[in-house]
Student: 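A single structure is presented below for examination.
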Amino acid sequence: MTERLNANSKKIHKRSNALLLAKVATLFTDRTLYGMAIGQFYPIFVELEGALQRAAESDERIAALKATLQPLWRVPAYETDLAFYLGASWRSRIPPSDAVDAYVARLQEVARERPLLLLAHTFTQHTAGLSGGRVVRRMARKYMSLPEDQGTAIFEFPGGVELKEAFKAQLDAVGEGLSEEEVQAILDEQIVAFEHNIRIMKEFKVGLLPQLRAPLRLLPPHVLAVAGGLLVAVLAAVAYRRV
């Protein structure tokens, strides 16, 4: 089933990654801004992981994933990182978001009416941290000059690649016992999960100043020098034409 999930989300995954990359450089210019950004996804993981634990009590298919899901839980890690970036009052510093509220409502609806579809959301959210999260972790440490043991808890997993493969293998085993209609419903719900992610990222505004500051913080000095030279040349040419 995981191969079908990967193929199913290929196009929308590219859209999501492009949007993330467009904003992530700006987020790395300000620790507080970065903290508020990751805070957008905290309520999502609270709702998702709570729903999965409740569903496992009555659905043996979700219960079969319990052992592999346990190391993937991110709520405590989010709380650690948010306290680091936003301080003791971090809960009150996370900006409200209609997009976040909509995603939480969708998770509540799925948990209430068809818990099996939570598998689409856990595959989308938890494997993201296991995959691209490693890249974001390295970038965060580099560009925000983080202490060795702080600021990237949400991307720290026991086992890494092995954990991801174990989760995928168990999910595939569950998928073998599902009907085609159930698998298709999970595939459709996966697209819904990505659409919610994209809406959350679009809604989070980073502001003009951080966007302007990003190249100064992240680009190598020699690149900035070349860019500055080109800008001066363009301005000179414009001024000459006006004369």
Student: Can you list every ring pair (Phe, Tyr, Trp, His ring centres under 6.0 Å) pair that touches residues 155-189, not counting sequence neighbours?
Tutor: none
Student: Please enumerate all residues that pass side-chain contact (heavy atoms from CB on, under 4.5 Å) together with Glu79, with sequence neighbours excluded.
Tutor: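 In terms of side-chain contact (heavy atoms from CB on, under 4.5 Å), with neighbours along the sequence ignored, Glu79 is linked to Tyr42, Val75, Trp90, Arg91.
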Student: Does Val183 have any side-chain contact (heavy atoms from CB on, under 4.5 Å) partners at least two apart in sequence or in another chain, and if so, which?
Tutor: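 Met1, Arg4, Leu178, Leu187.
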Student: Tell me every residue that passes salt bridge (Lys or Arg N to Asp or Glu O under 4.0 Å) with Arg54, counting only those two or more places apart in sequence or in another chain.
Tutor: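 Glu47.
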Student: For Glu109, enumerate each residue passing the salt bridge (Lys or Arg N to Asp or Glu O under 4.0 Å) test, keeping only those at least two apart in sequence or located in another chain.
Tutor: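 By the salt bridge (Lys or Arg N to Asp or Glu O under 4.0 Å) rule, Glu109 matches Arg106.
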Student: Any side-chain hydrogen bond (donor to acceptor under 3.5 Å, both in side chains) involving residues 10-25? Give me the pairs, sequence neighbours left out, ordered by first then second residue.
Tutor: none
Student: Go through the structure and list residues passing salt bridge (Lys or Arg N to Asp or Glu O under 4.0 Å) with Glu162, not counting sequence neighbours.
Tutor: none
Student: Would you mind listing every ring pair (Phe, Tyr, Trp, His ring centres under 6.0 Å) that reaches into residues 98-117, with sequence neighbours excluded?
Tutor: Tyr103-His121, Tyr103-His196
Student: In chain order, what residues pass the salt bridge (Lys or Arg N to Asp or Glu O under 4.0 Å) check against Arg137, with sequence neighbours excluded?
Tutor: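 Salt bridge (Lys or Arg N to Asp or Glu O under 4.0 Å) list for Arg137, sorted by chain: Glu156.
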Student: Listed by chain and number, what are the ring pair (Phe, Tyr, Trp, His ring centres under 6.0 Å) partners of Phe41, not counting sequence neighbours?
Tutor: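 Expected list: none.
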Student: Listed by chain and number, what are the side-chain contact (heavy atoms from CB on, under 4.5 Å) partners of Arg114, not counting sequence neighbours?
Tutor: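 Listed in chain order: Leu117, Glu181, Glu182, Ala185.
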Student: Specify the closest pair of heavy atoms between Thr152 and Arg141, including all atoms of both residues, with the distance to one decimal.
Tutor: OG1-NH2, 2.8 Å
Student: Could you work out, with side chain to side chain donor-acceptor pair (under 3.5 Å) as the rule, every residue matching Asn197, not counting sequence neighbours?
Tutor: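 Testing Asn197 for side chain to side chain donor-acceptor pair (under 3.5 Å), a comparison that skips the adjacent residues, returns Gln125.
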Student: Is a side-chain donor or acceptor of Arg93 paired with a backbone partner of Leu86 at a separation under 3.5 angstrom?
Tutor: yes
